[in-house]
Amino acid sequence: MSDLPVLDVEEQRVLGSLLEKQATVPASYPLTANALRTACNQTSNREPVVDYDQGTVERVARSLRDRELLRIVWVDTGRRTLKYHQILDEKLELAPDERALITVLLLRGAQAPGELRTRTERLHKFEDRGDVEACLRRMAERPEPLVRELERRAGQHDRRWTHLLGPVSDEDEATVTESVDRDQVIADGAEARDARVRAAYDAVATAYADQLLDELAGLPFETWLLDRVIAHANGRPVVEVGSGPGHITAYLAEGGAAATGIDIAAEMVAEARRRFPEHSYDVGDLRRLGRPPTSSGWAAVLGWYSLIHLAASELPEAIAALIRPLDPGGWLVLALYAGAEVRHVDEFLGHEVNLDYVLHDPAQVVAMLEAAGLTDVEWYLRGPITTRAESTRRLYVIARNPA
């Protein structure tokens, strides 16, 4: 007979929320009844989103206390306050990496290793996808397994994993059918992916520049956004990382910003210099962005469709690299494809390529920016413009560096 606790979906949500908040907001942990209800009903990092009333949360907490999975404690903060503290991790004797994975599995249902690595970023630092898989297999090989690997679904690249602490709700099961492993693009390593990206854009540089040269004339929202960046910069240095054929950098510079463009593909940089010789372009990697030579930091850093080939697990580090050289009050401005998909193309503008486009989850991107310490986050989502043969939604984000 198994000694593992069997948790219903409400118990999973309560314990998962307590595990998460204990790690992410230790100063306010244990949680009051009201804080626990807020944590359970949180709209980010929860699948499905629920709307528990206070009575439900307190009833579930009492049941978990009776099963010795939760303690109800009194804390003296000037007046005695009742708070809730989970002891599931003690009961299961979880190591820190196991604890992080169980937390996210309880809160979001079955997930692929790449998704788990991204979603445990604030709970435990996994070095890579293999580190996650090793931990999952260790948990699956316990005398009383905590997790199991599911069969691969049609259209999915990787198998998902689920916990064995109780049933997955119908809502969770419906949601995970749409899950996508955005880390599949670095299955053979980030360096191999980078080489494919450079080769593809070097090959199409001239045709790509011809196609995009006048694109802003038909994009009123994008020009409005770029005009805001120009006004914010007020003549100070701005950099576009992943500048491609240079037309966005040129637009910023011609509007009065001291704009520079960098790109990983040498042929793209050569094309930008040829078409806009009065402006500044260099070969460079956005993950190693430095400060401007004439200032203490950038007034704005633009990643204009420059993160679309990165895996989800790479985004936090890339975002951190773009924030580091920002001036206090400086803006990070991102444009990405939005969705739950990785699209592969082997032909681009008449050239053979081996290229993957990652469609990112807007809520996850916004959460990453907030977790990185940025404030005043604005985000905009627009649908595809069919007259331009677009087939993806577009996400645009502005966030301020408060440091």
Side-chain angles (χ1 to χ4, degrees), residues 4-109 111 116 119-125 146 163 165-169 171-172 175 363-364 366-377 402:
L4 288 183
V6 178
L7 308 172
D8 65 27
V9 293
E10 292 174 343
E11 291 170 333
Q12 291 174 34
R13 178 57 56 92
V14 166
L15 287 173
S17 298
L18 287 168
L19 282 160
E20 180 194 62
K21 298 307 178 185
Q22 186 176 8
T24 59
V25 287
S28 57
Y29 186 87
L31 300 186
T32 64
N34 186 58
L36 178 54
R37 178 183 177 230
T38 299
C40 290
N41 294 342
Q42 191 173 305
T43 56
S44 61
N45 304 319
R46 304 286 188 270
E47 293 177 8
V49 173
V50 299
D51 186 18
Y52 295 163
D53 58 31
Q54 200 65 54
T56 298
V57 171
E58 293 176 5
R59 172 182 56 78
V60 173
R62 286 193 300 270
S63 172
L64 291 169
R65 177 200 59 190
D66 293 343
R67 299 172 61 191
E68 299 183 343
L69 297 172
L70 177 149
R71 292 194 186 111
I72 298 178
V73 298
W74 289 94
V75 177
D76 190 354
T77 57
R79 60 173 185 165
R80 282 167 63 80
T81 304
L82 187 117
K83 292 194 172 187
Y84 298 98
H85 167 60
Q86 67 76 31
I87 50 176
L88 179 68
D89 57 350
E90 297 176 20
K91 183 86 170 177
L92 299 178
E93 300 181 344
L94 298 176
D97 53 353
E98 296 172 334
R99 188 185 191 279
L101 291 176
I102 284 293
T103 300
V104 176
L105 289 170
L106 286 171
L107 291 174
R108 304 194 68 159
Q111 294 154 80
L116 287 167
R119 292 166 176 173
T120 54
E121 187 74 27
R122 297 177 65 198
L123 304 173
H124 179 81
K125 178 67 175 177
L146 292 174
H163 66 76
L165 299 178
V168 177
S169 72
E171 292 88 348
D172 275 338
T175 300
Q364 290 181 14
V366 171
M368 288 178 192
L369 295 177
E370 292 173 341
L374 297 183
T375 60
D376 302 333
V377 180

Would the distance check show the side chain of R122 and the main-chain N or O of A23 forming a donor-acceptor pair, the cut-off being under 3.5 Å?
no

Can you tell me how far NZ of K91 sits from CG of L4, rounded to the nearest 0.5 angstrom?
10.0 Å

Under 3.5 Å: donor-acceptor pair, side chain of S63, backbone of R59
no

Mind jotting down which residue pairs meet the side-chain hydrogen bond (donor to acceptor under 3.5 Å, both in side chains) criterion with at least one end in residues 23-33? Sequence neighbours excluded, please.
Y29-H85

Indicate yes or no for a side-chain donor-acceptor contact from E11 to the backbone of D8 under 3.5 Å, with no hydrogens or angles considered.
yes

What's the spacing between L31 CG and T81 OG1 if we round to 0.5 Å?
12.5 Å

Between T56 and D53, do the side chains contain a donor N or O and an acceptor N or O under 3.5 Å apart?
yes

Value rounded to 0.5 Å, distance of OG1 in T120 from CZ in R108
11.5 Å

How long is the span from the OG1 atom in T103 to the CG atom in L94, to the nearest 0.5 Å?
8.0 Å

Is there a donor-acceptor contact under 3.5 Å from the side chain of R99 to the main chain of L19?
yes

Sub-3.5 Å donor-acceptor pair from the side chain of E98 to the main-chain atoms of A95, do we have one?
yes

Heavy-atom donor-acceptor pair, R13 side chain to P48 backbone, under 3.5 Å
yes

Measuring from L107:CG to N45:CG, what's the distance to the nearest 0.5 Å?
8.0 Å

For the pair E58 (side chain) and A33 (backbone), establish whether a donor and an acceptor sit closer than 3.5 Å, ignoring hydrogens and angles.
no

Any side-chain heavy atom of Y84 sitting closer than 4.5 Å to one from I72?
yes

Tell me every residue that passes side-chain hydrogen bond (donor to acceptor under 3.5 Å, both in side chains) with Y52, counting only those two or more places apart in sequence or in another chain.
none

Any side-chain heavy-atom pair from R67 and L7 closer than 4.5 angstrom?
yes

Within the side chain of Q12, is there an N or O that forms a donor-acceptor pair under 3.5 Å with the backbone of P167?
yes

Please report the interatomic distance CZ(R65) to CG(L70), rounded to the nearest 0.5 Å.
9.0 Å

